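Below, chain A is the first sequence line, B the second, and so on; all start at residue 1. Bear in mind that the values here come from a model prediction, so they are computed numbers and not experimental data.
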Amino acid sequence: MAATSALPRLLPSGDSAITVEFSRTIDDTANQRVLALDRTLAREPIAGVTETVPTYRSLLVHYDPMQIDFEALSEKLAALAQLPVPAATKTRRWRLPVVYGGEHGIDLEDVAKTLKTTPDDIVARHTAGDYRVAMIGFTPGWSYLSGLQESLHMSRRQNPRLLTPAGTISIGGIQTGVQCLAGPSGWHLLGQTAVRTYQLHRDPTFLLEPGDYVTFSSVDAKTFAEQDRAAERGEIVAELISS
Amino acid sequence: MSKLVISAIGPSSSVQDGGRFGAQRYGLTPSGAMDRLGLATANCLVGNALFAAGIEIGPFGAAFTAREGAVRVALAGASRNADIAGRAVAPDTSLTLAEGETLKLGFARSGLFSYLAIEGGIAGEPVFGSMAVNARAGLGSPYPRPLQAGDELQVTAASGTAERRIELPPAIKAPIRVVLGPQDDEFADDQKALFLDSEWKISATSDRMGYRLEGPAIKHLHGHNIVSDGTVGGSIQVPGNGAPIVLMPDRGTSGGYPKIATVISADHGRFAQISAGTGFHFKAVSMAEAQAEARKFAELLRTLPDRLRAIENFDLNIEALRDANVAGAAVSAIDARTWQVLSPAETLTQD
């Protein structure tokens, strides 16, 4: 599968949004270009653009058709997308504490069995990873991370669960993720973090930004319980390693 | 201050405004009114900003009581029987509830969602600039959930301004217009033709997140999994079973099914008002036409205040009632008996 074409495709998403598609597959180069275009638009706003939504492979650009039309905006976006990918001006790196297995990660044992290894080894592999927030979507704060090592790739569950806990850390396909709110999921649940990636009335309301880097550290259930109480009070409990 | 007490209300009713934009990149969906023209019309009638927070009333009945003072309100959107103590109320008019009076609403007769605007708006705390209820994210004010009987809204006391009616352009009876894409290339030409040529119906399992469509199964060229990308209001996703889902204001901000087409923004409200089981068609239009329609719709909203009319005498009121009957209910506007309203209990058991 071809990774990234030089020119993104500019696809209409109705009369008030354009999908700037860099790739049709999950690929890191494409995601870097998505995030770069997103940064460019934040730095040099185009009049009429109201909101951008980066995803793995495309940037959704919402705009007001009263201020700019599809043709004019497409031209501007095509030109910006061809600029060399600039380095991120800031690279934030977070460490998120996770309690793995047991009631907090009910699929850990099964994942270990499927991959013919031990739960401890799965935890070691997952905490060894250096992940990037490729996109946030679906529900508030649901952060999709790229960089899952290949030995942990596995297809999603046949039957998605209708309700999985807030703070769930899971793997699905070639991705891992941090789920903020309780909700449905078809991924394999490895653990749980006390970190709220979305919390109303906390500053900041949203903790992670697309493009941030994330690592995980293993904590015990007692620590999780303490952190969970602190997080409930509005503490961030994630560690900002660099910014 | 006065209070508007929710004496009775069916499911799918919540406080909504123009929506909560700016945080879709964090997975926060905009929410907001299903039918923006309906909300804007109601607000216009009571002199509010067009997208001030009002009550979006689902297809079932409702009753609202003024407490601690008079409350001036207006009802627009889907037509339904409405009365105050047996006195019929025309839609698309403002009216003032005296202290203790109750506005009773029947179930929607044409369309699904009606909007009750309250003069001065509803007291609450906006989050990200909006009071719109998004129950999934626990957002919305004054209640971060759909409204329930017994809820009380703090509102401004009625100003005593003369009541108004509004003359809206005639309802459009035409196919729902779409722009193809962004993933129409995931479908063969015959499947796109099947989508555009078929009669569709809205499934009864639809909600504020999405309307499921009933009709022929649309087949994909390369399977139904794409890498998730961003969604917009009106995105038409085709999941594995081939039954399209049109994404509505409470949609997920990203989705992993190919999107064959997108409903044009000018038709969002009209589409949202199609009730389950009613047949309709889609029609593909060019981007230029879609954007021209978006501008026309914006102009309609901008000039809504020009459409306000004084209610000078009884005749005009009768005319408003007659207008209300274009939905096709076989009633005579001047026969008061046809405006009998079901009691809330009877109303709420309708489904």
Engineer: Counting heavy-atom pairs under 4.5 Å to chain B, which of A:V53, A:L10, A:I18 comes out on top?
Structural biologist: A:V53
Engineer: May I have a list of the donor-acceptor pairs under 3.5 Å that connect chain A with chain B?
Structural biologist:
residue	atom	partner	partner atom	Å
A:R9	NH1	B:D185	OD2	2.8
A:R9	NH2	B:D185	OD2	3.2
A:G14	N	B:T262	OG1	3.3
A:D15	O	B:Q291	NE2	3.0
A:D15	OD1	B:S265	OG	2.7
A:D15	OD2	B:S265	N	2.8
A:D15	OD2	B:S265	OG	3.2
A:R24	NH2	B:D185	OD1	3.1
A:R24	NH2	B:D185	OD2	2.7
A:D38	OD1	B:R25	NH1	3.3
A:D38	OD2	B:R25	NH1	3.3
A:D38	OD2	B:R25	NH2	2.6
A:E51	OE1	B:G22	N	2.9
A:E51	OE1	B:Q24	NE2	3.1
A:E51	OE2	B:G22	N	2.9
A:E51	OE2	B:A23	N	3.0
A:E51	OE2	B:Q24	N	2.7
A:T52	O	B:R25	NH1	3.3
A:T52	OG1	B:R25	NH1	3.1
A:R57	NE	B:V227	O	2.7
A:R57	NH2	B:V227	O	3.1
A:Y63	OH	B:Q291	NE2	2.7
A:P65	O	B:R295	NH1	3.3
A:F70	N	B:Q291	OE1	3.1
A:F138	N	B:T253	OG1	3.3
A:F138	N	B:S254	OG	3.2
A:G141	N	B:Y26	O	2.8
A:Y198	OH	B:A137	O	3.3
A:E209	OE1	B:Y26	OH	3.2
A:E209	OE2	B:Y26	OH	2.5

Engineer: With a 4.5 angstrom heavy-atom cut-off, could you sort out which part of A:L59 is near chain B: side chain, backbone, both or neither?
Structural biologist: neither
Engineer: Grab the two heavy atoms, one from B:P182 and one from A:L11, that are nearest each other, plus how far apart they are.
Structural biologist: O-CD1, 3.5 Å
Engineer: Using non-hydrogen atoms only, which part of A:L200 is less than 4.5 Å away from chain B: side chain, backbone, both, or neither?
Structural biologist: side chain
Engineer: Quick check on the interface: out of A:P210, A:P140, A:A17, who has the most heavy-atom pairs with chain B under 4.5 Å?
Structural biologist: A:P140
Engineer: Of all of B:A290, B:A298, B:G252, B:G181, which one pairs up most often with chain A through heavy atoms under 4.5 Å apart?
Structural biologist: B:A290
Engineer: Quick check: closest heavy atoms across A:P12 and B:M287, and the distance to 0.1 Å?
Structural biologist: CB-CE, 3.3 Å
Engineer: Looking only at heavy atoms and a cut-off of under 4.5 Å, which of B:L139, B:V227, B:V178 has the most pairs with chain A?
Structural biologist: B:V227
Engineer: What part of A:L60 is in contact with chain B, defined as an atom under 4.5 angstrom from a non-hydrogen atom: side chain, backbone, both or neither?
Structural biologist: side chain
Engineer: Side chain, backbone, both or neither: which part of A:F206 has a non-hydrogen atom closer than 4.5 Å to chain B?
Structural biologist: side chain
Engineer: Side chain, backbone, both or neither: which part of B:A261 has a heavy atom under 4.5 Å from chain A?
Structural biologist: neither
Engineer: With a 4.5 angstrom heavy-atom cut-off, could you sort out which part of B:V179 is near chain A: side chain, backbone, both or neither?
Structural biologist: side chain
